[in-house]
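Notes follow once the structure below has been shown.
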Amino acid sequence: MTASLIIFFVLAALAVGGALSLIFQKHPIHSALSLIVVMVALAGLYLLLGAEFVAAVQIIVYGGAIMVLFVFVIMLLNAGIEEHTNFSKLAGFPGLLLAFALTGFIAATIARSTDTVQAAAQPGNMASTKDLSTMIFKDFVYPFELTSFLILVAVLGAIVLAQREKA
Amino acid sequence: MFPRTDDLLRALPELIWCGFGMLAMLLQPFVRSRHFFTILALVGAIGGTAAAFVAGATPGEGFYGLIQSDVFSFFFRLLVGLVAVLVVLAADSYLERENLPFAEFYALLLFATAGMGVLASARELLTAFIGLELSSISSYILAGFRRDSTKSSEASLKYFLLGSFATAFFLYGIALVYGATGTTNLSRMDDADPGSNLLKLGLSLILIGIGFKVAAAPFQIWTPDVYEGAPTPVTALFSAGPKAAAFALLLRIFASVPAATHFWFWAFWVLAALTMFAGNLGALLQTNVKRLLAYSSIAHAGYILVAFAAVTFMANDLNGGATPAYAAVLFYLLSYALVKIGAFTIVSEIGGWGEKNLTLDDYAGLAQRQPVAAAALSLYLLSLLGLPVTAGFFGKFYIFKAAVNSHLIWLAVLMAINSIIGAYYYLRVIVVMYMREGSAEAMAAPAVRFPVAVNVVLTVTAIGTVYFGLFPNQVLNFILQPNLIAR
Amino acid sequence: MPILEHLWIIPLLPLLGATVNGLFGRTWPNKIVNSVAIGATGLSFLAALEAVREFFLLSPEQIPWVRQYFSWIEAGNFRAGFDLQVDQLTVVMLLVVTGVGWLIHIYSTGYMAHEGGYYRFFAYLNLFMFFMLILVMAANYVLLFVGWEGVGLASYLLIGFYFLRKSAADAGKKAFIVNRIGDFGFMLGMFLLFRTFGTLDFFKHAGAGGALGLFDKAAPLSAEAMGHLGTLTVACLLLFMGAAGKSAQIPLYVWLPDAMEGPTPVSALIHAATMVTAGVYVVARSHVLFMHAPTAMLVVAVVGCATALFAATIGLVQTDIKKVLAYSTVSQLGYMFLACGVGAFSAGIFHLMTHAFFKALLFLAAGSVIHAMGGEQDMLHMGGLSKKIKWTYVTMFTGTLAIAGIPPLSGFFSKDSILLSAYQSENGGPNVGHILYAAGLFTALLTSFYMFRLIFLTFFGKERYDEHHVHVHESPKSMLVPLAILAVLSIVGGWLAAPAFWGKPDYFAKFLEPVFAAPGASEAGTAEAVVHALETPLAIVAVITALAGLLAAYWLYVKQPSKPDKLAKFFGGAYQTLLHKYYVDEFYNAAVVRPLMWLSTNVFWKAVDVSIIDGAVNGIAEGITVVGDGTRRTQSGNTRSYAVWVVVGAIVIVAVIFWPHVRPVLGVVR
Amino acid sequence: MIPTNYYIVLSAILFGLGVLAFIFKRNIISIFMSIELMLNAVNLAFVAFSQAMHKLDGQVFVLFVIVVAAAEAAVGLAIIILTARNRQSLNVERVDLLKL
Amino acid sequence: MGSLFQGGHLLSILIFFPAVGSLALLLLRSDDHVFIRRIALIVSVAEFLFSLLLLRGASFASGDYRLVEYGQWITSPPIHYHLGVDGISLFLVILTTFLTPISVIASWSSIGHRVKEFFVMLLMLEVGVIGVFLSLDLFLFFLFWEVMLIPMAMLIGIWGHERRIYAAVKFVLYTMAGSILMLVGIIWLYNATGTFDLPTIQQMIQTGTLVLEPRAEMLLFLAFFVAFAVKVPLFPLHTWLPDAHVEAPTAGSVMLAGVLLKMGTYGMIRFCLPLFPEAARRAAPWVAVLAIIGIIYGALVALVQPNLKKLVAYSSVSHLGFVVLGIFAFRTISMQGAVYQMLAHGISTGALFLLVGMLYDRRHTFEISDYGGLATPMPKLAAFFLVAALASMGLPMLNGFVGEYLVLLGTYQSHWAWASWAALGVILSACYLLWSYQRVFFGEVTREKNKTLADASAREKFILVTMSIVMLWMGIGSTYFTRRTAAASQAVIDLVEPQRPYEARVTRDSRSGGQPVVSWTNTLPVAQASSTAEGANR
């Protein structure tokens, strides 16, 4: 067992633990913190995979911006401990079973898949940030520009929806 | 690194839609006139639609294979453009009645349209994803546009949560496909190994994502709630636009990834059967007309999926055997969009302030109070039912034909059974309008005069429905080109 | 030869009368109405006479004289034309129908003078004449069937003439429906004949343009070739079924007694003289076929004989004057069929003719009695009328003598020749003829008895009615003159056959011989000798029988008026059975009508139609609605459930796409 | 080295946990967080594949996903705020006015 | 005038003239009822006169289609606007155009609300029905077939009686359930042949270009047949009929019974037999059994109906059974009879419904028990009712007889047992009609209300006299019709079962032992047989 494998398992355990914690925490703020744990663990994994830029963006945008927004909203709405209702008959045991079945099936299929997946992930720095930026601004300029509209829409939506009613 | 002109031309409709959307946002603080924004949106919508001709005139790949301008995308851009124009017209009086901010509404509408246009022209899953999100996020907002209405916000929330949920599946599917083929560009997947489990799984998950958008059962589950809660013109948009765009993406995947057709045949078979039944059975007992039409949308998605099953069956026939099945889908979407927008527009107008009059009881005796509206709604319903002399009849006919062509006799029979079930609730609305007397106060109330814009919508959709019901030729011949969709 | 070329004039005249009276008679006075009706019938009678005169000028090759006027139905190789024909048989029927019909029309002007719906009555009566003439003049079975159904219609209308009375309406309906049952057989018979011969035209010999009629095709066949249970037997039995319906034979006789609900002239014309004999006419007309079907002949003879006896027994105890006559009619029709059944077609037709005279006379006289009694029909409330209505009495007595078979009245001759033929018949076995004869003779005894019982109860003894309320009065001339004429006819009508007794030919039989000429006509000479030897003894026996009946009736109803009641008590069961007509109506009602109604209502309509079929249809709809409601309930509104649905969908899609992989897994589970 | 399918299986597990979380959380914000968890799982898969095949477009995809997630978060949280304002509750099971 | 129609657009005019008329009606003010009625009457009468031009415009001495109109309509799939008339459709069209003005007159005063819509619907119904009868393209046929549904449903649903909505919906769903399968069948047939053109497909089958495998042919046959059987309606698909009739307004019932039911039998003649002869032959015994059940069952159920209109409705089930039997006996004679029966039933049952409607107008009830003794207050109506009833029960010299007789006669030639069972219907029809007639018209007037009922008005008399004259004419002058329908019927039969000279079958029929029919096997003497053949061909 190499060091990187150990690191992988540690990070993987962290991520899965965070995800489980997200599920089991009663208070949304705790869930949010659990999610941040997952994200940080994932950033670690990205580093392990040699995707430094993505790792950085993961921390900055996801962990920094998005999750802060979450926490902010939780505070804003003064959300308390989750109310534990069980109105949905389907989302109880059947839901659990089905979700497990699906996950199990996906995971099993991937694990047994003979495609590229089986190849060992290449470590190291095949991706430079420069290449990435070239790709974004050349090959993928159209979606990139579209993304700007997307953000515009998001802003617009936030304004329209969250705006207080005018008197 | 400014893009080449041709690339811009090929994406011109979306750019125009987005541009006008932005313009509306920019002018919002300065102009208070409602009519100004309506006209602006109208100009934008029509401009984008017109630009589809420009894009259509410069066929080929754009932006390094991210988008494709061909007859297919031309058709869908025209379709979503038409939808946008009609919804702008239909929304005008609604927004005023409900006292909603129109600049934002129109901007979002145009952005959503642009997203659909992107979906229709995308040849790269990334582009498709962005297009999907662009239209989806706009749709989430539009669904909750009546902020003070609990129903509207609930619709928005449900749509948003479940939509994102499904998008995650869609994305995961893309990731797996990427893993299996090493690319997210559809045009480079034609040699994908059909035996790959990863590819299979990926395509399944993509299908879940798209299935959600087109409201295929059991992903249809959000549809009635969202359609009911959303402002009615928005519902009209939902039922016609995003659905068409998502179907366009599906067709594009079919055309580009032969491997997909191997996997998807039975999936479509099952989805089609489930969807038809889910929609029609669910609608059977509805008393809320808006919700009834929502269920009807599900049913119709099911019918279209029948054609998809036929497409998957025939797709490997390189001699153009699948062309009629493609044509069936396209024609159906067109006829369906016309009808649904017309129907929802009437529902919107009859609904009145606060969308109060939505139940069947409110429609009782409509034929006497508002004969024209009743006649128009009957026409739409008959088209949905698939009675001759309406576009819906030909739509259904072509789907039947495609199904029988592909030896999907049992699916055709299931569809036939569903048509009968469907006939029941469509007729129920007609029956209520024509054969039942309205309540005394309803009959005493003065007839609602429809605004001009609404009348334009009704005229266009009604004439279109009848015209395509009598002379489907032009459209069909146009669709039936051998180079309909770039491979 | 104007009339023979335009035979259609004869039936058309009454139709014109019917149309004119039916459409316009409502507002006209009785005088005009009856002038039109009598005029139409009278002219028709005259035209018939003229036609007969011209007919006698025809050479034998021209007979039957067929005229095809227009094609009525054409389809494939089937053609039914509006074709009329005249031959000897037609001549007899024509004269009887128009002659007696005319007389009855005249009688009706008096009888119906004070009834409502005068125009309606005459319109119907004329309509009847039209159809009856079509029936007897038709040159093919289909046209004959037109007349056949048409007279049924007229009968229906006239029986139900007093439609305000439920019993009258019921009787009309019953008559029509029972006739329809017979027609069912008649139609099938026609179909079978067409299937066998490819035509339904009669002809025989004198076909138009070399065409062959049905009889021309059937005649050369030998009876053996067709077999005892062959096609022709079936066809003949089917035709006979129709005849039995129309001529009130067992088991379809039940309508005729009820038909007495109609006005009395109707009973006389339709239910005694003409329409009911149509069955006999058809059998005689189809004799070519019947001759080839010995089994059918035997059936006809046995049914006829049985009916004769059966109806006569019922007639013994009836107290309604018209009912007695009705059963007598049934009985006499049985005689005619007996004649036909034993191959004596001319005798049958002869009896048909004489019966038309005397039974019409009896009915009209009975009508006169009823008229005199102010509508009373029950003989138990009559009595001693002979002095008060002398003319009626005399004529009626004449009729009774005729029907009883007292020489030299007409009934004697016709009955005698029937019994003679029956005696000689060997069809079906050597003794069958003797049995038939014996039964026939016994029937004659009964006939004589009940007819004289009628006379004695009505005209003799004490008056049993309330003289304060009933003012017995003689009928007007318009009624008496026809009575007188018919009485004369009843007396002399049989004399055509009388020469047979002194070795001369039976002129009536000889006249009809061209029609009924059997294939083996050459042997007629020897047969005739035998006949002659038998004739006198049998006639004497018959006369003695008739007199015995007369005496018995006299003894019971004039000498010992209290005896009948005692007898009735003594034979309680038998008497009740007869009084209730063997409970046949009750039996039909219980065995056919009620079960059918019950079945239709409770099984077919309420169970099958409403519960099963419509239940299934509505059940499917219901089921779909229930399923629809279930589907709707999945839309719980709960986002978490919705998410599970998405997962379900994901699993469905994945499972379908990975079916080859999934199947073994599921197989293990199973 | 670490086989790629380790990463992918991990991402599948995370995705599945996201699905579970979506189903079992009642608080709308938590549910939204589970969606973010699912998107993260997707990203992991992308990066892993991208690395395995030595292609950059996977990473580009990830960047786009992150941006879209951000946009979604903005809109989503706005919708949540709107709902909370209209309903005075963040329990998703209480948002069931539209049904049947 | 003549040249205009001789030129070749008469059929199109026939189809679309009422449509133009109804459009014109739509533009009228809806409160001027008299004017609306007059326009409707003028349009329908003019249409009737146009349809009479058919008789002059073409000869029907051969079985081909006349006055054919052919034009491209839709290129892919190739769908043509192909119209034509032959002997079979000729009189059905005229029947339709005849009954429409009658219905207009019958609705003159009984329709009091939403008058404009009523006549619009009536005329649109005429468009659909005539289109069905004249279409020679399967697709076009289907189109008209479906188009006709809505006006009829509206007629029932808006102007009907208490349970009208149930009846209207049931009518539509029943019919659609059948016809949607037919659509699948049509498409399937198109896949096999590449055309929707009826004559072309017929030719392909005749020449053997198209050979369907037996199972497929049977399925196709059933797809078409079920659609038609629902419309006829054949037992056990008939339960929509009583409801529809009872609830429909008089004009609706007249059109429904008079014309719409004929569309089913017409479809059988036009499509089921020529297109799928082998399947038709195989199915014939089953169909015949259903038809016979329908005849007897319909009559028995009619017998016990307490509702007069329902009684007439069930009588239609019985009568149409004869038509189906005649079609599936595959004899020239029975086919001719079936065609004739279609026309005759249209007139006589139409008349019965008109009369029932007139009674309803006066008393607002269909229950027989509410009537009784009506002959006293209204002798004329009673007389007309009797004529119609007699025609319906098949009295010779009235229209009902010819068809029924030919059907039975023809059927008997090939299947004596079928004909014998079916002939029971003749007895039963007399039972239910006469019994109901008696209960309605005979006896004393039992209800106070009935004593003062008015007899037929001038308008009603006009309708009834017209109907009576037609009934009488059809009863006597049947050759006027059959000569024109003969060639076309023969053509259909030739496709299904080329007729052998019937003598060959007469005596060599060796079925059933032990029964009297055993001597069927007797042969006629040879010389005799040849002479019968001559007689037959005369």
Side-chain angles (χ1 to χ4, degrees), chain A residues 4-5 8 12 15-16 19 22-23 28 31-32 35 38-39 42 45-46 49-51 54 57 61-62 65-66 69-70 73-74 77 79 82-83 85 87-88 91 95 99 103 106-107 110-111 116-123 126-127 131-132 135-136 140 143 147 150-151 154 157-158 161-162, chain D residues 1-10 12-21 23-27 29-30 33-34 36-37 40 43-44 47-54 56-57 59-60 62-64 66-71 73-75 77-82 84 90-91 93-94 96:
Chain A
S4 55
L5 204 56
F8 171 80
V16 172
L22 165 69
I23 297 177
S31 294
L35 189 57
V38 178
M39 285 168 176
L42 284 184
L45 285 173
Y46 295 156
L49 282 162
V54 176
V57 171
V61 177
Y62 248 132
I66 300 182
L69 193 58
F70 269 93
V73 170
I74 293 169
L77 295 178
E82 216 171 41
E83 189 188 6
T85 50
F87 296 152
S88 166
T103 315
I106 294 174
I110 291 167
T116 45
V117 188
Q118 296 299 352
Q122 306 292 317
M126 107 237 188
D131 295 339
L132 259 180
M135 257 187 124
I136 289 176
F140 292 103
T147 320
L150 194 65
I151 290 166
L161 293 176
Chain D
M1 286 308 294
I2 308 160
T4 310
N5 61 350
Y6 281 32
Y7 290 100
I8 309 299
V9 170
L10 176 62
I13 291 168
L14 288 178
F15 189 82
L17 288 173
V19 171
L20 267 180
I23 295 176
F24 284 98
K25 299 307 281 185
R26 273 75 164 180
N27 188 305
I29 304 174
S30 303
M33 282 192 259
S34 59
E36 296 295 338
L37 179 58
N40 271 295
N43 287 350
L44 180 59
V47 175
F49 280 129
S50 149
Q51 198 63 22
M53 290 177 293
H54 278 275
L56 270 182
D57 43 4
Q59 296 192 19
V60 174
V62 171
L63 294 177
F64 276 101
I66 291 174
V67 173
V68 167
V75 172
L77 290 171
I79 293 174
I80 290 170
I81 290 170
L82 178 64
L90 280 173
N91 187 342
E93 296 208 307
R94 302 223 177 265
D96 63 347

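Proteins get letters first, then strands, A, B, ... in listed order; numbering begins at 1 in each.
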#### Entry: Residue A/Thr147 versus chain D: region with a heavy atom under 4.5 Å
side chain
### Message
At a 4.5 Å cut-off on heavy atoms, which part of A/Leu35 comes close to chain D: side chain, backbone, both, or neither?
### Response
side chain
### Task
Indicate the ring-plane relationship of D/Tyr7 and A/Phe8, choosing parallel, tilted or perpendicular according to the 30° and 60° boundaries.
perpendicular
#### Entry: Which portion of D/Val62 sits near chain A, non-hydrogen atoms under 4.5 angstrom
side chain
### Task
Answer with side chain, backbone, both or neither: which region of D/Leu44 has an atom nearer than 4.5 Å to a non-hydrogen atom of chain A?
both
#### Entry: Part of D/Leu90 lying under 4.5 Å from any heavy atom of chain A
side chain
### Task
With a 4.5 angstrom heavy-atom cut-off, could you sort out which part of D/Ile23 is near chain A: side chain, backbone, both or neither?
both
### Query
Which bit of A/Leu42 comes within less than 4.5 Å of chain D, counting heavy atoms only: side chain, backbone, both or neither?
side chain
### Engaged part of D/Ile81 at the chain A interface, taking heavy atoms whose separation is under 4.5 Å
both
### Query
Given that the side chain runs from C-beta out, which part of D/Ala84 has a heavy atom under 4.5 Å from chain A: side chain, backbone, both or neither?
side chain
### Task
Check whether the side chains of A/Tyr46 and D/Gln59 place a donor and an acceptor atom closer than 3.5 Å, and report yes or no.
no
#### Entry: Contact class of A/Val61 relative to chain D, heavy atoms under 4.5 angstrom
side chain
### Query
Which answer fits D/Asp96, side chain, backbone, both or neither, if we ask what part of it has an atom under 4.5 Å from a heavy atom of chain A?
neither
### Summary
When the 4.5 angstrom heavy-atom criterion is applied to A/Ile74 and chain D, the contacting part is both
### Task
Let me know if D/Val67 has heavy atoms under 4.5 Å from chain A in its side chain, its backbone, both or neither.
side chain
### Query
Using non-hydrogen atoms only, which part of A/Ala65 is less than 4.5 Å away from chain D: side chain, backbone, both, or neither?
neither
